[in-house]
Amino acid sequence: MTAPRHTIPFDLIDPAVHPDPDACDAWRTLRDAHPVAWCEADGDRPGFWVITRYQDLATVYRDTARLSSEQGNMLGTLLTGGDPAGGRMLVVTDPPRHSAVRKVLQGAFSARAMAQIADSVRAATKDLVAAVVDAGGGDFVADVAAQIPLMAICELLDVPPADRTLMLDLTMAAMGDDGTPEAAEAAADAQEDILLYYAGLLPGRREFPGADVVSLLANGEAGGTPLSDAEVLLNCYNIIIGGDETTRLSSAGAVLALIEHPEQWRRLRQDEGLLDSAVEEVLRWTTPVTHLGRTATTDLTLRGCDIKEGDIVTLWNTSANRDEDVFPDPYRFDLARTPNRHLTLGHGPHFCLGGPLARVELRVMLEELRHQVGELELSGPVERLRSSFLTGVSRLPVRCTAAG
Ligand code: HEM
């Protein structure tokens with residue numbers, strides 16, 4: 001069957017579109033009427049598929065044989081010629097190489113490793129939340145949410161404490177592409193600086209290996225051969241880019257959601273047993289990664305639509321995590337929601353490797369909020385990130401009191 005062609009009611013590439021609450025209606029319309037829609041080419045920009053229903057996303061995520069990640073997994077990259085790290089950085093590598101490299105990295109996220117990092121995460125979160133409570137409030141993003149993920153990643157990579165501020169600045173610059181040419185240039189420079197920084201660590205980690213991610217990669221083998229330097233560096237970068245801003249957006253989004261739903265905040269304070277389901281609902285509610293992209297390696301059919309070899313296919317987590325067929329009353333923030341099999345951390349072979357760490361960070365933050373904070377409210381305007389790939393708050397001024 002020839003694919004029905006539908007006009008997407010909003011510009012998915014425009015970073016300003018994603019924070020708009022009216023987008024919810026547009027997603028609902030797409031899910032109902034055009035779950036596999038085609039966004040027409042526009043000038044030099046190629047067309048692409050827009051998939052919005054949960055079950056279809058899950059199907060595509062699992063099908064790494066026919067839907068490749070190697071050309072890139074973000075719409076912006078796919079539309080501009082592909083990802084130069086394809087085949088060398090885990091998230092944009094297909095099996096079988098993907099499975100072999102993933103095995104090398106897996107050890108860094110074992111339950112034992114997570115328990116160790118949880119201690120550092122708890123100590124840091126405790127102090128940062130205490131400082132905000134002592135001050136009567138602050139910007140929750142800058143004062144708490146931005147500090148923890150990179151600290152945890154630096155522990156994973158064993159970045160010396162003296163270099164951690166540099167890493168935070170570079171990471172923010174690397175992810176700060178808001179669509180302007182200046183930001184794109186600054187982001188590219190920062191990305192290069194991050195790779196150079198890790199290149200500087202390699203000789204030491206080869207001579208005196210530790211249990212950290214850089215040592216695992218630098219001394220690891222995939223398919224019987226050592227990883228190339230480029231693979232090692234790009235995978236260090238993958239951990240930083242994958243784990244920093246995403247977790248920050250979920251943490252800050254959690255606090256905003258609790259402020260906007262005071263009855264849920266009261267529930268959480270009264271019932272420690274809610275913590276596990278609360279972490280999952282925070283992940284579903286915030287969905288920091290709006291979409292992922294794939295490229296068809298062969299002709300295939302999805303819901304009667306003909307996807308051609310070479311077509312770009314985009315998977316909208318933002319929509320799938322509000323799919324009424326899977327989540328009863330999906331626009332309700334409900335900390336007790338179970339089951340809650342959201343797609344926030346992806347699905348299938350590329351399922352987020354850092355998921356256990358993201359969960360530790362969110363759980364510890366919710367615990368510390370419960371222990372230390374009483375009243376919680378906004379004290380100024382919230383600012384939102386401008387990006388078509390990541391969504392969430394970039395500034396969250398709060399006022400709070402100590403727990404009674
Ligand atoms: C993969 C989201 C935290 C490292 C992914 C994918 C998603 C995702 C959606 C799948 C990508 C794809 O299928 O193309 C998130 C979110 C997080 C988070 C929303 C926080 C709330 C982390 C953390 C780390 C991390 C803390 C590491 C410290 C990775 C890596 C991959 C990945 C290495 C590639 C896995 C693979 O391709 O096999 N993440 N992530 N992520 N994530 Fe995360």
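Atoms within each ligand, like the ligands themselves, are counted from 1 in listed order. Only heavy atoms go into these numbers, but all of them, side chains included; no hydrogens, no water, no symmetry mates.
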Enumerate the atoms of ligand 1 whose separation from the nearest heavy atom of [X] is less than 4.0 angstrom.
X: P349; value: 38 (O)
X: H98; value: 36 (C), 37 (O), 38 (O)
X: L357; value: 28 (C)
X: L292; value: 9 (C), 10 (C), 11 (C), 12 (C), 13 (O), 14 (O)
X: G346; value: 9 (C)
X: I239; value: 27 (C), 28 (C)
X: L156; value: 28 (C)

Starting from [atom], what is the nearest protein heavy atom, named by residue and atom, and what distance separates them?
atom: atom 22 (C) of ligand 1; answer: G242 O, 3.3 Å
atom: atom 10 (C) of ligand 1; answer: H350 O, 3.4 Å
atom: atom 31 (C) of ligand 1; answer: L353 N, 4.0 Å
atom: atom 4 (C) of ligand 1; answer: G354 N, 3.8 Å
atom: atom 26 (C) of ligand 1; answer: G243 CA, 3.5 Å
atom: atom 15 (C) of ligand 1; answer: L345 CD2, 3.7 Å
atom: atom 43 (Fe) of ligand 1; answer: C352 SG, 2.3 Å
atom: atom 2 (C) of ligand 1; answer: T344 O, 3.6 Å

Considering only NZ, NE, NH1 and NH2 on the basic side and carboxylate oxygens on the acidic side, decide whether [X] and [Y] come within less than 4.0 Å.
X: E368; Y: R122; result: yes
X: D32; Y: R28; result: no
X: R359; Y: E280; result: yes
X: D329; Y: R337; result: no
X: R267; Y: D334; result: yes
X: E70; Y: R97; result: no
X: E367; Y: K126; result: no

Decide whether an N or O pair under 3.5 Å exists between [X] and ligand 1.
X: T247; value: no
X: R294; value: yes
X: V289; value: no

Residue pair Y198 / L217, side-chain heavy-atom distance below 4.5 Å |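 No - every pair of side-chain heavy atoms lies 4.5 Å or more apart.
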
[X] touching ligand 1 at heavy-atom level, < 4.0 angstrom:
X: S69; answer: no
X: H347; answer: no
X: L283; answer: yes
X: A152; answer: no

Steps toward side chain to side chain contact (heavy atoms under 4.5 Å, CB included) verdict (D212, R205) = CA-CA 9 Å; D212 60 284; R205 301 295 161 98; 2.7 Å; yes

Does CD in E377 sit with more than 12 non-hydrogen atoms of other residues, nucleotides or ligands closer than 6.0 Å?
->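 Buried by this count: over 12 neighbours within 6.0 Å.
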
Residues, nucleotides or ligands: over 12 heavy atoms within 6.0 Å of D44 CG =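 No, the 6.0 Å shell around CG holds no more than 12 heavy atoms from other groups.
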
Have a look at ligand 1 and work out which part of [X], if any, has a heavy atom under 4.0 Å from it: side chain, backbone, both or neither.
X: P149; result: neither
X: S250; result: side chain
X: T246; result: both

Supply the atom-to-atom distance R45 CZ to I312 CD1, rounded to the nearest 0.5 angstrom.
->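 Result: 9.0 Å between the selected atoms.
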
Where does the angle between the aromatic ring planes of H350 and H98 fall among parallel (under 30°), tilted (30 to 60°) and perpendicular (over 60°)?
->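 The arrangement is tilted - the two ring planes meet at 30° to 60°.
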
Derivation of the side chain to side chain contact (heavy atoms under 4.5 Å, CB included) call for L156 and F109 | CA-CA 9 Å; L156 271 182; F109 296 90; 3.7 Å; yes

Of the non-hydrogen atoms in S215 and G210, which two are nearest, and what is the gap between them?
->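 So the two residues come closest at OG-N, 2.9 Å.
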
